[in-house]
Amino acid sequence: MTDYQAGEIEAKWQAAWHVAELFKAERDTARPKYYVLEMFPYPSGRIHIGHVRNYTMGDVIARFKLATGHSVLHPMGWDAFGMPAENAAIERGGHPKDWTYGNIADMRGQMKPLGLSIDWSREFATCDPEYYGQQQALFLDFLEKELVYRKNAVVNWDPVDMTVLANEQVIDGKGWRSGADVERRELTQWFFKISDFSEELLDALDGLDNWPEKVRTMQANWIGKSRGLQFGFEMTAPAAGFDRIEVYTTRPDTLMGASFVGISPDHPLAKALETENADIAAFNSECRKMGTSEADMERAEKKGFDTGLSVKHPLDPSWDLPVWIANFILMDYGTGAIFACPAHDQRDLDFCRKYDLPVIDTFEALENPAAVADVAFVPPKTEKVRWINHFADLDIATGQEAIDATITFAEQAGWGKGVTNYRLRDWGLSRQRYWGCPIPVVHCPSCGLVPERKENLPIRLPDDVTFDQPGNPLDRHPTWRDVPCPKCGQPAKRETDTMDTFVDSSWYFARFTAPRAETPTVPEDAAYWMNVDQYIGGIEHAILHLLYSRFFARAMHICGDLPEKAIEPFDALFTQGMVTHEIYQTLGANGRPVYHLPEEVTDGKLADGTPVEIIPSAKMSKSKKNVVDPINIIDRYGADTVRWFILSDSPPERDVEWTAAGAEAAHKHLMRVWRMAVEAANAEGGSAEEDTALLRAMHKTIHDVTVGIESFGFNAAIARLYAFAGVLQKSQAGAEARQLAARTLAQLMSPMTPHLSEEIWQMLGGAGLVTIAPWPKADPAFLVEDTVTLPIQINGKRRSEMTVAKDLAREAIEELALADEAVQRALAGAAPKKLIVVPGRIVNVVV
RNA sequence: GCCCAAGUGGCGGAAUGGUAGACGCAGGGGAUUCAAAAUCCCCCGCCUUCACGGGCGUGUGGGUUCGAGUCCCACCUUGGGCACCA
């Protein structure tokens with residue numbers, strides 16, 4: 001009975017849970033519902049340790065809620081569309097569908113032994129036609145409500161492979177396979193009107209009390225609401241059909257420090273000038289030889305081109321400013337044109353230094369004097385104060401007041417208007433790729449854009465495609481693309497763009513409430529299960545996925561697919577840290593990095609002796625091959641050990657560097673708990689005093705562990721469980737108390753180590769399954785202590801301590817403290833300068 | 001570059017503004033054993049001291065406070081995100 005065969009025992013209890021249907025979620029109005037969801041995985045082929053961490057945390061919550069009387073929904077699915085499946089097809093042949101479903105089968109097989117409390121009957125993959133067909137129905141609803149539209153937008157274009165590249169596929173401005181310089185190219189694409197919801201998505205962040213503050217801050221900054229001034233600079237002479245340049249600025253108070261007006265290379269004026277000036281055309285085209293990612297553009301060297309044009313300063317018609325084209329100005333934000341004030345903007349200053357443009361000394365107190373120490377300033381045109389004070393006869397010191405006053409001034413004078421801008425752009429969902437959800441519209445030569453009929457859904461991806469040539473196979477598919485128009489029946493062409501995979505993950509949480517329904521959702525199920533009570537996932541999704549989901553929930557509500565209460569679909573969010581690992585890289589033949597799996601590298605070398613460059617820890621990613629596979633540990637020690645270990649070592653919100661050392665120790669501890677349970681079953685002796693001491697420790701542990709689980713302090717809860725196991729081991733309590741203690745220990749451990757806990761529970765005569773046994777309650781009578789140890793500080797440093805009755809009067813504590821030997825020594829006969837007593841906590845004597 | 005975090009012993013980490021280092025790992029010593037494994041017990045921040053004790057100590061530099069790992073300011077380093085990786 002002392003031998004513990006993890007494999008057999010775990011399989012036995014998993015079967016018992018399955019037979020009892022413990023995890024099957026049913027609508028049950030007699031119990032409070034609880035929906036716990038972990039961000040679903042991409043089926044890359046193997047589960048990695050980060051998945052285990054994510055799902056184990058969710059499982060602890062789900063099992064805890066089950067034990068505290070909730071009707072729990074804890075589902076699992078697969079975020080199954082995306083580029084890696086196509087890349088696999090290109091590299092190794094085969095079909096993305098086979099690769100994906102094969103991976104799902106493998107990963108499900110790796111996950112099931114973990115003993116997660118998942119309702120597998122609700123499982124789906126986003127590449128199931130039953131799922132994406134409903135997504136197409138949602139798209140048609142959105143189209144009808146005008147939440148989707150088409151416009152031109154730029155993509156990364158690989159001129160050699162003749163294909164669109166994702167940002168990830170652009171490395172140092174070159175295509176990852178061809179190595180060719182990437183170009184920006186405009187295509188007509190589909191967009192969700194998320195920007196219509198900017199204000200609402202921003203406002204509602206305030207109500208998300210159970211979201212991490214950092215996520216709300218990041219989202220607010222992403223939406224980027226700003227109040228600024230929009231106005232026109234009149235050109236000194238019209239050019240290319242333009243007679244003014246409209247700019248937007250959040251710092252109109254710096255207008256008297258303007259050096260030049262800058263426009264984006266994609267600005268209509270810049271484009272118009274291209275046709276008449278070859279140098280400008282060359283400059284713009286150079287600017288476009290860069291990826292579309294904002295990070296790349298911001299990091300790139302700042303470059304400009306003097307157009308030779310000039311504009312008049314709005315406050316001084318005799319003052320001409322030159323017009324430059326600058327590569328750091330984004331066409332997507334504001335009007336695509338700015339005025340530069342180098343005295344108050346580092347980037348403008350760098351630019352002016354580089355091109356020898358004037359820097360005007362504006363304010364008396366420069367905002368960053370050190371940064372401009374070497375600058376030769378040009379004297380200001382007004383008094384060297386905020387110009388609004390000069391023009392409007394005001395006396396304003398603070399920045400925001402000055403900004404507001406300038407906007408009012410410009411509006412009254414009639415040359416500008418206050419404008420609220422958002423950084424948030426509409427969500428482009430078109431992807432020129434095969435392995436995604438087809439967009440259900442048809443282009444008809446006579447009817448134009450025609451939505452598919454809902455009865456024709458799902459529009460299935462064709463299976464007969466090949467990946468032997470670059471580009472989207474749907475574009476060249478012989479029969480799939482050519483269809484009759486759903487409206488007039490004449491020959492027409494199906495839209496060949498598919499949807500961004502973020503669309504798939506923006507409503508899966510709603511689909512889990514009715515995964516087999518013939519409509520996207522079912523009102524009764526959505527009403528009962530929504531919202532997700534606890535959502536758990538990586539901090540890397542803090543902005544895009546979570547913002548898109550918030551938008552989708554609103555759009556679905558507008559279309560009648562979700563109740564109003566679900567427009568904020570995630571009541572509580574927990575962002576777990578990532579499991580990171582070093583990246584191992586060598587240089588390939590073409591000078592590009594080649595990545596290697598951790599298991600291929602020993603002592604910094606490959607098997608053939610090639611030295612490997614070690615890049616410091618980073619997020620585990622399949623493309624960087626730094627993914628650690630937990631399956632060996634599961635096979636060796638069982639699921640309970642892996643679950644216990646992954647939770648025990650680190651605070652859940654923090655990133656952890658993966659290390660395999662310690663799994664062995666976790667296993668030893670679990671076996672120690674098992675032996676103690678066996679011993680408790682056969683215990684003898686005991687005394688009332690010993691029994692009480694053990695029960696006191698037990699109730700304290702119940703309290704601490706319960707609080708720990710509820711507050712995501714899993715590592716701290718486990719530390720308490722370790723400590724209690726230590727107490728139990730040393731205890732001389734009698735059989736009854738020790739059995740109760742061991743059984744309770746097992747029960748408190750059950751969210752983390754459910755199989756071991758069931759085995760102990762059963763052995764020590766617990767009723768039924770521990771998984772659904774009511775969670776223990778801490779008896780307050782056992783929690784109170786009657787004495788307390790107070791540290792005594794002298795000048796804030798701990799020098800002594802004393803043990804006193806818990807409710808001892810302040811005066812008595814002061815007296816005892818002053819009588820303390822160390823205090824007497826420090827005072828040397830003098831009276832203390834100050835005596836601070838914090839009852840129950842500390843005494844501080846200031847001498 | 002911009003936005004958001006994190007930084008504590010050899011390691012993972014604990015700590016409502018109140019005894020820094022709980023708990024675990026690694027390490028050292030001991031018990032048990034013919035021996036080993038397993039198990040059990042004890043020690044374990046750094047410097048100094050035979051010892052008692054003393055000094056230093058939570059990325060760096062300042063500040064607030066009787067008291068700062070915790071609050072404020074500046075900086076450094078690392079990580080996440082930057083709209084087509086998921």
Side-chain angles (χ1 to χ4, degrees), chain A residues 39 41-42 44 79 81-84 155-156 164-170 194 212-215 217-222 224 291-300 302 328 332 346-347 350 423-433 500-502 504-505 538-545 547-548 575 577-578 580 616-619 621-623 645 648-651 653-657 659 661-662 664-666 668-669 671-672 675 713 715-716 718-723 726 729-730 789-793 795-801 833-836 838 840-846:
Chain A
M39 291 179 187
Y42 177 78
S44 59
D79 187 13
F81 277 133
M83 283 199 309
V155 294
N156 301 306
V164 176
L165 297 178
N167 282 339
E168 191 192 48
Q169 298 170 313
V170 179
I194 189 172
E213 186 63 40
K214 62 180 169 184
V215 174
T217 306
M218 280 190 265
Q219 292 215 352
N221 290 340
W222 185 262
T292 58
S293 104
E294 192 174 317
D296 286 346
M297 304 215 279
E298 290 281 352
R299 271 196 297 261
K302 305 294 174 279
F328 62 85
D332 285 327
Q346 186 62 47
R347 194 167 53 183
D350 295 344
R423 211 183 69 96
L424 181 65
R425 309 199 293 257
D426 276 336
W427 169 13
L429 67 123
S430 292
R431 297 292 180 271
Q432 295 70 39
R433 276 189 263 282
D500 178 9
T501 57
F502 270 120
D504 312 336
S505 57
I539 185 65
E540 69 270 26
H541 295 294
I543 297 174
L544 291 180
H545 162 61
L547 193 61
Y548 289 158
T575 51
M578 284 172 299
T580 61
S617 254
K619 166 181 149 181
S621 119
K622 199 172 153 83
S623 61
F645 173 54
S648 66
D649 253 12
S650 297
E653 68 279 8
R654 201 178 298 181
D655 289 353
V656 293
E657 165 77 8
T659 152
E664 170 82 25
K668 279 182 185 175
H669 176 74
M671 292 305 96
R672 185 161 72 115
R675 281 194 308 276
N715 55 328
I718 284 177
R720 297 301 309 141
L721 288 164
Y722 265 108
Q729 177 141 14
K730 290 185 179 66
T789 300
L790 288 183
I792 301 174
Q793 293 183 331
N795 292 336
K797 298 239 175 220
R798 181 186 170 279
R799 282 296 179 268
S800 185
E801 65 177 33
K833 281 191 189 142
K834 205 165 182 179
L835 185 57
I836 289 136
V838 185
R841 296 235 67 123
I842 204 159
V843 178
N844 190 12
V845 185
V846 184

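Here the structure is a predicted model, which is why all the values come from computation and not from measurement. Note on naming: letters A, B, ... go to the chains in the order of the sequence lines (proteins, then strands), and numbering restarts at 1 for each one.
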J.: With a 4.0 Å cut-off on heavy atoms, is A/V846 in touch with a base, just the backbone sugar-phosphate, or nothing at all?
T.: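 Sugar-phosphate: the residue A/V846, judged by heavy atoms under 4.0 Å, touches backbone atoms but no base.
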J.: Of all heavy-atom pairs between A/V155 and A/T292, which one has the smallest distance, and what is that distance?
T.: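 Heavy-atom minimum between the residues: C-CG2, 4.0 Å.
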J.: Expressed in angstrom and rounded to an integer, what is the separation of A/L547 atom CG from B/rG80 atom C1'?
T.: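 After rounding, the gap between these two atoms is 17 Å.
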J.: Checking A/R798 now: which residues fulfil salt bridge (charged side-chain N to carboxylate O under 4.0 Å, His left out) with it, not counting sequence neighbours?
T.: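 Partners of A/R798 under the salt bridge (charged side-chain N to carboxylate O under 4.0 Å, His left out) test: A/E801.
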J.: Looking at every strand, decide which applies to A/P41 at a 4.0 Å heavy-atom threshold: base, sugar-phosphate, or nothing.
T.: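 Nothing: the residue A/P41, judged by heavy atoms under 4.0 Å, touches no strand.
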J.: Among B/rA83, B/rU19, B/rU16, which nucleotide sits nearest the side chain of A/R841?
T.: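 Closest nucleotide among those given: B/rU16.
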J.: Report the distance from atom CD of A/E540 to atom P of B/rG81, rounded to the nearest whole Å.
T.: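 To the nearest whole Å, that distance equals 6 Å.
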J.: Which residues pass the salt bridge (charged side-chain N to carboxylate O under 4.0 Å, His left out) test with A/D350, not counting sequence neighbours?
T.: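 Checked A/D350 against salt bridge (charged side-chain N to carboxylate O under 4.0 Å, His left out); zero matches.
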J.: Syn if the chi torsion is within 90° of 0, anti otherwise; quick check, which is B/rG62?
T.: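 Anti for B/rG62; the angle lies over 90° from 0.
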J.: List in chain and number order the residues that pass side chain to side chain donor-acceptor pair (under 3.5 Å) with A/S800, two or more places apart in sequence or in another chain; answer none if no residue qualifies.
T.: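 Residues passing side chain to side chain donor-acceptor pair (under 3.5 Å) with A/S800: A/D820.
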J.: Name the nucleic acid region contacted by A/G428, choosing base, sugar-phosphate or nothing; use a 4.0 angstrom heavy-atom cut-off, strictly under.
T.: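 If one applies the 4.0 Å heavy-atom cut-off, A/G428 turns out to touch the sugar-phosphate alone, with no base involved.
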J.: Do A/H545 and A/D79 come close enough that some side-chain heavy atom pair is under 4.5 Å?
T.: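 Not touching, per the 4.5 Å side-chain cut-off.
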J.: Rounded to the Å, how far apart are A/R798 CZ and B/rA15 C1'?
T.: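 Taking atom C1' of B/rA15 as the reference, CZ of A/R798 is at 15 Å.
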J.: Distance check, C1' atoms only: B/rA35 and B/rU58, in whole angstrom units.
T.: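 One C1' to the other, the span is 46 Å.
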J.: Within the 4.0 Å heavy-atom criterion, would you say A/S430 contacts the bases, only the backbone, or no part of the nucleic acid?
T.: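 Base contact - A/S430 has a heavy atom under 4.0 Å of at least one base atom.
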J.: At under 4.0 Å between heavy atoms, what does A/I718 touch on the DNA or RNA strands: base, sugar-phosphate, or nothing?
T.: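 A/I718: no heavy atom of the nucleic acid under 4.0 Å.
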J.: Rounded to whole Å, please give me the gap between CG in A/N156 and C1' in B/rC84.
T.: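 Roughly 7 Å, once rounded to whole Å.
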J.: What interatomic distance, in whole Å, is found between C1' of B/rC56 and the corresponding atom of B/rA20?
T.: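 My reading of the C1' atoms in B/rA20 and B/rC56 gives 13 Å.
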J.: Check the distance between B/rA83's P and A/R423's CZ and give it to me in whole angstrom.
T.: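 Going from A/R423 (CZ) to B/rA83 (P), I get 9 Å.
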J.: Can you tell me how far P of B/rA83 sits from CG of A/D500, to the nearest Å?
T.: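 In whole Å, B/rA83 P and A/D500 CG are 12 Å from each other.
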J.: For A/R347, which residues count as a salt bridge (charged side-chain N to carboxylate O under 4.0 Å, His left out) partner, sequence neighbours excluded?
T.: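 Testing A/R347 for salt bridge (charged side-chain N to carboxylate O under 4.0 Å, His left out), a comparison that skips the adjacent residues, returns A/E298.
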J.: Heavy atoms, side chains only, cut-off 4.5 Å: are A/F502 and A/L429 in contact?
T.: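 They are not in side-chain contact.
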J.: Could I get the full list of salt bridge (charged side-chain N to carboxylate O under 4.0 Å, His left out) partners for A/R841, not counting sequence neighbours?
T.: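 Salt bridge (charged side-chain N to carboxylate O under 4.0 Å, His left out) list for A/R841, sorted by chain: empty.
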J.: For a quick check, tell me whether the side chain of A/R720 and the base of B/rC23 share a donor-acceptor pair closer than 3.5 Å.
T.: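 Result: no qualifying N/O pair found.
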J.: Examine B/rA86: is either OP1 or OP2 under 4.0 Å from a nitrogen or oxygen in the side chain of A/T501? Give yes or no.
T.: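 For A/T501, the contact criterion (side-chain N or O under 4.0 Å from OP1 or OP2 of B/rA86) is met.
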J.: Run the side chain to side chain contact (heavy atoms under 4.5 Å, CB included) test against A/K833 and tell me which residues pass, sequence neighbours left out.
T.: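 If we apply the side chain to side chain contact (heavy atoms under 4.5 Å, CB included) test to A/K833, skipping adjacent residues, the hits are A/V846.
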J.: Determine the contact category for A/S648: base if any of its heavy atoms lies under 4.0 Å from a base atom, sugar-phosphate if only primed atoms, P, OP1 or OP2 are that close, otherwise nothing.
T.: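 Here A/S648 touches no strand at all.
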J.: Using side chain to side chain contact (heavy atoms under 4.5 Å, CB included) as the criterion, list what pairs up with A/K730, not counting sequence neighbours.
T.: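 For A/K730, no residue satisfies side chain to side chain contact (heavy atoms under 4.5 Å, CB included) once neighbours in sequence are set aside.
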J.: Return the 5'-most residue of the pair A/D79, A/E653 with respect to RNA chain B, ranking by each residue's nearest nucleotide.
T.: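 Result: A/E653.
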J.: Work out how far the C1' atom of B/rC4 is from that of B/rU8, and round it to whole angstrom.
T.: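 Their C1' atoms lie roughly 22 Å apart.
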J.: Name the nucleic acid region contacted by A/H669, choosing base, sugar-phosphate or nothing; use a 4.0 angstrom heavy-atom cut-off, strictly under.
T.: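 Nothing: the residue A/H669, judged by heavy atoms under 4.0 Å, touches no strand.
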J.: Taking only side-chain N and O atoms of A/Q729, does any of them lie within less than 4.0 angstrom of OP1 or OP2 on B/rC40?
T.: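 Yes, within the criterion.
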J.: Restricting to nitrogen or oxygen on both sides, can you table the protein-nucleotides 51-58 of chain B pairs closer than 3.5 Å?
T.:
residue: B/rG55; atom: OP2; partner: A/R799; partner atom: NH2; Å: 3.2

J.: Within the structure shown, what part of the strands sits under 4.0 Å from A/F328 by heavy-atom distance: base, sugar-phosphate, or nothing?
T.: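 If one applies the 4.0 Å heavy-atom cut-off, A/F328 turns out to touch nothing in the nucleic acid.
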J.: Where is the tightest heavy-atom contact between A/V164 and A/Q169, given as atom of each residue plus distance?
T.: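 So the minimum-distance heavy-atom pair works out to O-OE1, 4.2 Å.
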J.: Can you name the residues that form a side chain to side chain contact (heavy atoms under 4.5 Å, CB included) with A/T501, not counting sequence neighbours?
T.: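 A/F81, A/D504.
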J.: Can you work out whether A/V843 or A/F81 has the more 5'-proximal nearest nucleotide on RNA chain B?
T.: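 Nearest nucleotide further toward 5': that of A/V843.
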J.: Using atom P of each nucleotide, how far apart are B/rG7 and B/rA14 to the nearest Å?
T.: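 Result for the P pair: 9 Å, nearest Å.
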J.: Work out how far the P atom of B/rG21 is from that of B/rA15, and round it to whole angstrom.
T.: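 The same atom, P, in both gives a distance of 13 Å.
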J.: Just jot down the side chain to side chain contact (heavy atoms under 4.5 Å, CB included) partners of A/R431, sequence neighbours excluded, or say none.
T.: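 If we apply the side chain to side chain contact (heavy atoms under 4.5 Å, CB included) test to A/R431, skipping adjacent residues, the hits are A/R433, A/T498, A/D500.
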J.: With a cut-off of less than 4.0 Å, is there a side-chain N or O of A/N715 near OP1 or OP2 of B/rA14?
T.: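 Answer yes for this pair, as a side-chain N or O of A/N715 is under 4.0 Å from OP1 or OP2.
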J.: If a protein heavy atom is under 4.0 Å from the base, mark B; if only from the sugar-phosphate, S; if neither, -; do that for nucleotides 1-6 of chain B going 5' to 3'.
T.: B-SSS-
J.: For RNA chain B, which consecutive runs of 3 or more Watson-Crick or G-U pairs (each distance under 3.5 Å) count as stems?
T.: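 Stem segments, range with range: B:1-7 with B:76-82, B:10-12 with B:23-25, B:27-31 with B:39-43, B:45-48 with B:53-56, B:59-63 with B:71-75.
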